[in-house]
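Step one of this worksheet: look at the structure below.
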Amino acid sequence: MGLQNTNPTTTVAWRKLQNHFSQMQNNSIKEMFENDASRANNFHIKWNDFLVDYSKNNINQETIDLLLELAQEVNLKEAIAKYFQGDLINQTENRAVLHTALRSSKDKTILVDGKNVIPEIFEVKNKIELFSNEVISGERKGYTGKPFTDVVNIGIGGSDLGPAMVVEALQYYSNHLKVHFVSNVDGDHINEIIKKLNPETTLFVIVSKTFTTQETLTNSETIRTWFLSRKFGTAKQEDVAKHFVAVSTNIQKVTDFGIDSNNIFPMWDWVGGRFSLWSAVGLTISLAVGFENFDDLLKGANQMDEHFSETKFDQNIPVVLALLSIWYNNFFGAESEALIPYTQYLQKLAPYLQQGIMESNGKSIDRDGKMVNYQTGTIIWGEPGTNSQHAFFQLIHQGTKLIPTDFIGYVKPLYGNKDHHDKLMSNFFAQTEALLNGKSEEQVMEEFEKQGISGEKAKFLKPFKVFTGNKPTNTILVDKLTPKSLGSLIALYEHKIFVQGVIWNIFSYDQWGVELGKQLANSILEDINTSEIKKHDSSTTFLLKHFLAK
Ligand code: G6Q
């Protein structure tokens, strides 16, 4: 039922890739372009409204062929089938990984423990639709009979990052509801949000798969106390039911909190937190942009699912991008990848994918329970362009580290401001060109001549002005930022995570590393509450003493 276990470094393809790497490592991408006029034509994929150009990479056809051979040797095709059909591929938690089922069509059958889960998925979707419509239209009202004006999503990690990213990304499609996100247990965070709210017109969506998460429960309790406080309104205990809804698998705990059983939106243990925005965890998205747009987001993801599961690998966007990432991570020794969307709407995409990518593939034990002897999860980071150009691009251009970068841009802007958009996109194209070509000594000297710089000054300045170039990039150019294209884009990266996890022979869908910190925090909280410092290392004891003395 699980995935095939293969240490990738023992495959024939891996050995061939190592030899191939020694021939490629000092290659000039620029020269490969000069020697082959059809390079961009050979290394791009067109799919729906996406154009993915991966020609500006240090690869040739042999690289791609060997990477595809690697995918074949680890049996990627079979792994994809297992992923989509609900096999228990999350073996350490004994669960299926079925976020793809959440966006699949009604006529599909997907079995979990012998039961088709599609009907219940659609039941919950209907509930989301009805509820969103009632809140948006004003038909559903608060305890004083006023329609809702504000929605607060209370959740953290997978129960916050996805909805927060999508609500921000799709704000062009939003309605009158003002949407807020409370995640951190930092009391200052919640206070900053509460002060903008009126209890009579605010709806609270508590999102917690387990309903045991310290941050979310603490924030929910603080908000409930505020809601019931005479200082701010006249709400009574029974009004909690009108203003609080929950998304969870833990029905008992939600009911204990005081939430009406009609206002519980169920989810399932086969949906991992960081892949859950497609489930009722996306309720806040549906409230913010309307159910139709939420459904379009799902449709876009479903289209990418079909592309990923049905397209042969050399034309398969998630597969090709995953393999290129392996090429840099495991052969060139690149430690991180940057993700630069040229739209302010996607400013939360990198933080969102940081969880998706680093929590999933930040593992060092393989599927046989052994320590890996090769690199796994990449570090992911990024910010929108052009802002990032004025911030950290210096390091990508002229630093000592190799940072493969994905550029994501849109052909059409949403408001049609052509002047701005042309300027934005000329930067988008210019950066990948600059990273590829760099600036040669001759070009620098030519510039100096034009600027009247010569002699000692020119000699001194020259090395600083030269750019080596040869920095790999992928360009993902999409027609327009719509709910559908956003759904496809997110699903693209989800599947890239999957492919890399399969090749690295690790379990991508657990997160045991997150648990240790949670346990220790609970034990230290006890120390703080009792002012009795238990046995810790001397640094922690020293710090706790300082904290408690104030
Ligand atoms: C994601 C993780 C994690 C989780 C949060 C919130 O994959 O599992 O980020 O989403 O810890 O958990 P709850 O939804 O259970 O509150």
Side-chain angles (χ1 to χ4, degrees), residues 83 89-100 102 124 152-166 181-186 189-190 204-224 244-257 259 264-285 348 350-363 377 380 490-491 493-498 500-501 506-522:
Y83 169 41
I89 61 168
N90 177 359
Q91 278 173 250
T92 54
E93 296 179 323
N94 201 30
R95 287 175 188 165
V97 176
L98 272 179
H99 46 277
T100 51
L102 299 166
V124 176
V152 182
N153 190 94
I154 311 167
I156 193 163
S159 297
D160 164 73
L161 288 161
M165 183 274 286
V166 174
F181 289 85
V182 177
S183 50
N184 203 327
V185 75
D186 175 2
H189 183 196
I190 197 163
F204 299 98
V205 183
I206 307 177
V207 187
S208 180
K209 183 173 162 183
T210 56
F211 224 77
T212 56
T213 306
Q214 185 197 49
E215 291 90 335
T216 304
L217 293 188
T218 308
N219 282 330
S220 301
E221 276 153 20
T222 301
I223 285 190
R224 187 180 51 188
F244 288 76
V245 303
V247 180
S248 187
T249 53
N250 196 339
I251 310 298
Q252 188 55 51
K253 284 225 168 214
V254 177
T255 323
D256 293 347
F257 184 87
I259 290 177
I264 303 174
F265 294 78
M267 57 187 294
W268 305 273
D269 72 351
W270 39 262
V271 183
R274 55 192 173 276
F275 301 98
S276 64
L277 69 88
W278 322 100
S279 70
V281 169
L283 178 62
T284 305
I285 302 173
K348 291 191 176 146
Y352 166 74
L353 286 174
Q354 275 175 334
Q355 184 192 28
I357 294 170
M358 299 205 277
E359 202 165 272
S360 301
N361 286 337
K363 312 284 166 65
I380 186 95
I490 301 169
Y493 281 99
E494 286 182 346
H495 299 322
K496 180 181 169 189
I497 293 169
F498 172 80
Q500 291 187 286
I506 52 177
F507 289 119
S508 300
Y509 298 98
D510 57 21
Q511 56 283 316
W512 303 108
V514 182
E515 303 302 322
L516 175 64
K518 282 191 193 172
Q519 281 167 10
L520 283 181
N522 282 333

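Counting starts at 1 for both ligands and their atoms, following the listed order. These numbers come from a predicted model, not from an experiment. Count residues from 1 along the sequence. The basis for the numbers below is simple: all heavy atoms, side chains too, and nothing from hydrogens, waters or symmetry mates.
- Scanning the protein heavy atoms around atom 15 (O) of ligand 1, the nearest turns out to be Thr210 OG1, 2.6 Å.
- Put simply, the side chain of Phe275 does not reach to within 4.5 Å of the side chain of Val97, judged on heavy atoms.
- Partner of Arg274 under the side chain to side chain donor-acceptor pair (under 3.5 Å) criterion, out of Glu494, Glu359, Gln354, Gln355: Glu359 alone.
- Atoms CD1 and OG1, from Ile154 and Thr213 in turn, are 12.5 Å apart once rounded to the nearest 0.5 Å.
- Using a 4.0 Å cut-off to heavy atoms of Gln355, the atoms of ligand 1 that qualify are 1 (C), 2 (C), 3 (C), 9 (O).
- Shown are Thr216, Asp160, Thr249; of these, the side chain to side chain contact (heavy atoms under 4.5 Å, CB included) with Ser208 is made only by Thr216.
- For atom 8 (O) of ligand 1, the nearest protein heavy atom (residue, atom name, distance) is Gln511 CD, 3.7 Å.
- Applying the 4.0 Å criterion to heavy atoms of Gly273 picks out, from ligand 1, the atoms 1 (C), 7 (O), 10 (O).
- For ligand 1, the atoms closer than 4.0 angstrom to any heavy atom of Gly157 are 9 (O).
- Close approach to Gly158 involves these atoms of ligand 1, each under 4.0 Å from a residue heavy atom: 3 (C), 4 (C), 9 (O), 10 (O).
- Closest protein heavy atom to atom 1 (C) of ligand 1: Glu359 OE2, 3.1 Å.
- Residue Arg274 has at least one N or O atom closer than 3.5 Å to an N or O atom of ligand 1.
- Cation-pi contact between Arg224 and Phe257: present, with separation from the ring centre below 6.0 Å and deviation from the ring axis of at most 45°.
- In this structure, atom 11 (O) of ligand 1 lies nearest to the protein heavy atom Lys518 NZ, 4.0 Å.
- Results of the side chain to side chain contact (heavy atoms under 4.5 Å, CB included) test with Trp278 over Val271, Leu102, Ile285 single out Leu102 as the only residue that passes.
- Between the side chain of Asn90 and the main chain of Tyr509, a donor-acceptor pair closer than 3.5 Å is present.
- Summary of contacts: the protein heavy atom closest to atom 5 (C) of ligand 1 is Ile156 O, 3.5 Å.
- In summary, the side chains of Asn250 and Thr210 do not present any donor paired with an acceptor at a separation below 3.5 Å, with no hydrogens or angles considered.
- Ligand-side atoms of ligand 1 in range of Thr213: 12 (O), 13 (P), 15 (O), 16 (O), range being under 4.0 angstrom from any heavy atom.
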